[in-house]
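Order of listing sets the numbers, starting from 1, for every ligand and every atom in it.
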Amino acid sequence: MKNVTVVAHPLINNSMTLLRDKRTQADEFRRHSDIVSKLLLIEATKGLQTETSKIETPIASFSGQLLTDRVVVVPILRAGISMLSAAYGLLPSISVGFIGLVRDEKTAIADKYYEKLPDIKSADTIFIVDPMLATGGSMDEALNIVKSAGAKRIVVVSIVCAPEGLERVNKKHSNVPIITAAVDEKLDSNAYIVPGLGDFGDRYFGTE
Ligand code: PRP
Ligand code: URA
């Protein structure tokens with residue numbers, strides 16, 4: 001599908017199987033979601049700009065590269081918080097903005113309950129992180145919010161996507177790349193991803 005990169009890696013395959021397994025408890029679920037998040041973020045940050053920097057090693061002069069882009073990571077509350085420690089681990093100097101969205105259990109329509117974004121400049125790179133992209137309603141709304149705040153360079157990072165949600169996001173935000181570990185089969189009648197992994201937030205935060 002256009003704009004969608006499915007990252008292939010044996011560590012992702014292993015962790016995704018354990019995340020999907022209904023027997024996996026919150027402690028292991030957190031560990032494996034962190035592994036997958038890191039590997040996805042490594043792929044998502046491939047386009048970041050660097051500039052030449054001359055330094056001295058203990059032995060000799062060296063002309064290296066240092067990151068120049070300002071990066072803003074925006075987790076969609078609540079489940080998006082699960083991907084934040086992976087982002088801090090890779091990019092310690094990120095700014096973080098929050099968008100709180102919750103799906104209505106019957107209609108699956110996302111409702112905004114919180115928004116706190118830093119100042120966003122057009123040159124900034126924004127990563128919107130949310131482990132689940134189902135109908136795409138939450139991501140569509142989050143993209144509208146960050147675009148209204150001035151974002152021009154946006155990358156979506158999501159652990160599991162449904163084809164229905166990807167189509168919606170692609171149609172409305174045709175220039176936004178989406179990095180994921182899996183494009184699953186479909187949505188069920190409750191707009192849950194099949195085979196999916198259930199309710200990510202509940203499994204991660206131990207609120208099942
Ligand atoms: C989940 C998930 C996404 C959204 C995806 O959040 O983390 O934000 O559903 O579904 P969509 O693509 O159909 O919008 P949920 O609303 O369950 O809230 P939570 O993160 O607080 O658990
Ligand atoms: N949110 C989840 O946590 N899981 C799904 O399958 C769909 C939305």
Can you tell me which portion of A191 lies within the under-4.0 Å heavy-atom range of ligand 2? Options are side chain, backbone, both, or neither. backbone

Where do L187 and V194 come nearest, in terms of heavy atoms and distance? C-CG2, 4.2 Å

Ligand 1 contact on T135 by region, counting heavy-atom pairs under 4.0 Å: both

Looking only at side-chain N and O atoms, does T207 offer a donor or acceptor that is under 3.5 Å from a partner on R78? yes

Just by modelled atom types, is the Y204 backbone N or O under 3.5 Å from a matching donor or acceptor in the R30 side chain? yes

Can you figure out which of G201, G198, A134 has its heavy atom closest to atom 4 (N) of ligand 2? G198

Is A134 close to ligand 1, meaning an N/O of one under 3.5 Å from an N/O of the other? yes

Exactly one candidate in N144, N3, I178 meets side-chain contact (heavy atoms from CB on, under 4.5 Å) with H173; the answer is N144

If you measure every N or O of S138 against every N or O of ligand 1, does any of those distances drop under 3.5 Å? yes

Between I193 and ligand 2, does any nitrogen or oxygen pair lie at a separation below 3.5 Å? yes

Mark the output for A110 as yes if a heavy-atom distance to ligand 1 is under 4.0 Å, and as no if none is. no

Any protein heavy atom lying closer than 4.0 Å to atom 4 (C) of ligand 1? yes

Below 4.0 Å, non-hydrogen atoms only: which portion of L133 touches ligand 1? Side chain, backbone, both or neither. backbone

Residue and atom name of the nearest protein heavy atom (relative to atom 2 (C) of ligand 1), distance in Å to one decimal: D130 OD1, 3.5 Å

Short N/O distance, under 3.5 Å, between R103 and ligand 1? yes

